[in-house]
Amino acid sequence: MDKALVVDCRDLKEGQAITIDKIDIDKAKLADFLLFNLGWDKRWNLDTYFNDYPCIDNTVLEFILNSNFKGIGFDVMGLEDPPV
């Protein structure tokens, strides 16, 4: 059975970065999927859903790329900075 780790990022404000300190590295190494909960689902169908949502920083990106996750997930529209 696959395992997922949910990373709680709901305390981040618009424009803040998701940093490596948000991830429990030991638990993440045991997970097949890494899911980031930003609380952005509450903005679905609102204009603010497309606002300056938090994105992963380069350290988190490197961690993901150097891991063997089957998938990652976000409750925002993408991995990169939102369009201005």
Side-chain angles (χ1 to χ4, degrees):
M1 182 181 301
D2 292 331
K3 297 177 185 172
L5 176 65
V6 177
V7 180
D8 188 357
C9 300
R10 292 174 295 170
D11 63 323
L12 296 177
K13 307 285 187 256
E14 288 187 7
Q16 286 186 296
I18 302 169
T19 57
I20 199 71
D21 63 304
K22 288 286 186 192
I23 302 171
D24 183 325
I25 300 298
D26 292 331
K27 288 182 180 178
K29 289 180 180 179
L30 300 173
D32 299 300
F33 296 90
L34 196 58
L35 307 174
F36 294 87
N37 180 2
L38 292 133
W40 235 248
D41 59 306
K42 291 179 176 69
R43 298 176 182 226
W44 185 248
N45 277 336
L46 302 173
D47 289 340
T48 59
Y49 181 77
F50 300 100
N51 284 7
D52 197 13
Y53 49 80
C55 297
I56 57 174
D57 70 7
N58 287 336
T59 305
V60 173
L61 176 61
E62 286 297 320
F63 173 72
I64 292 169
L65 292 175
N66 291 316
S67 298
N68 292 316
F69 298 113
K70 292 180 179 179
I72 59 171
F74 297 83
D75 58 353
V76 295
M77 65 178 282
L79 290 176
E80 53 194 20
D81 291 333
V84 179

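Model, not experiment: these values are computed from the prediction.
- Judged as a side chain to side chain donor-acceptor pair (under 3.5 Å), the pairs with a partner in residues 25-47 (not counting sequence neighbours) are, in order, Glu14-Arg43.
- Hydrophobic clustering (ILVMFWY, side-chain heavy atoms < 4.5 Å, transitive): Val6 and Ile25 are in distinct clusters.
- Phe33 and Phe36 fall into different hydrophobic clusters, where Ile, Leu, Val, Met, Phe, Trp and Tyr residues are linked whenever their side-chain heavy atoms come under 4.5 Å apart, directly or through other members.
- Among Leu35, Leu34, Ile18, the one residue that satisfies the side-chain contact (heavy atoms from CB on, under 4.5 Å) test with Phe74 is Ile18.
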Contacts under 3.5 angstrom, residues 64-72 side chains, donor-acceptor by atom type, not counting sequence neighbours:
{"from": "Asn66", "atom 1": "ND2", "to": "Glu62", "atom 2": "O", "distance (Å)": "2.9"}
{"from": "Ser67", "atom 1": "OG", "to": "Phe63", "atom 2": "O", "distance (Å)": "2.6"}
{"from": "Lys70", "atom 1": "NZ", "to": "Asp2", "atom 2": "OD1", "distance (Å)": "2.7"}

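- The minimum heavy-atom distance linking Ala4 with Ala31 is given by the pair C-CB, 4.3 Å.
- Taking CG of Asp8 as the reference point, atom CG of Leu38 lies at 9.0 Å (rounded to 0.5 Å).
- In this view, Thr19 and Ala17, Asp21, Lys22, Asp57 satisfy the side-chain contact (heavy atoms from CB on, under 4.5 Å) rule, not counting sequence neighbours.
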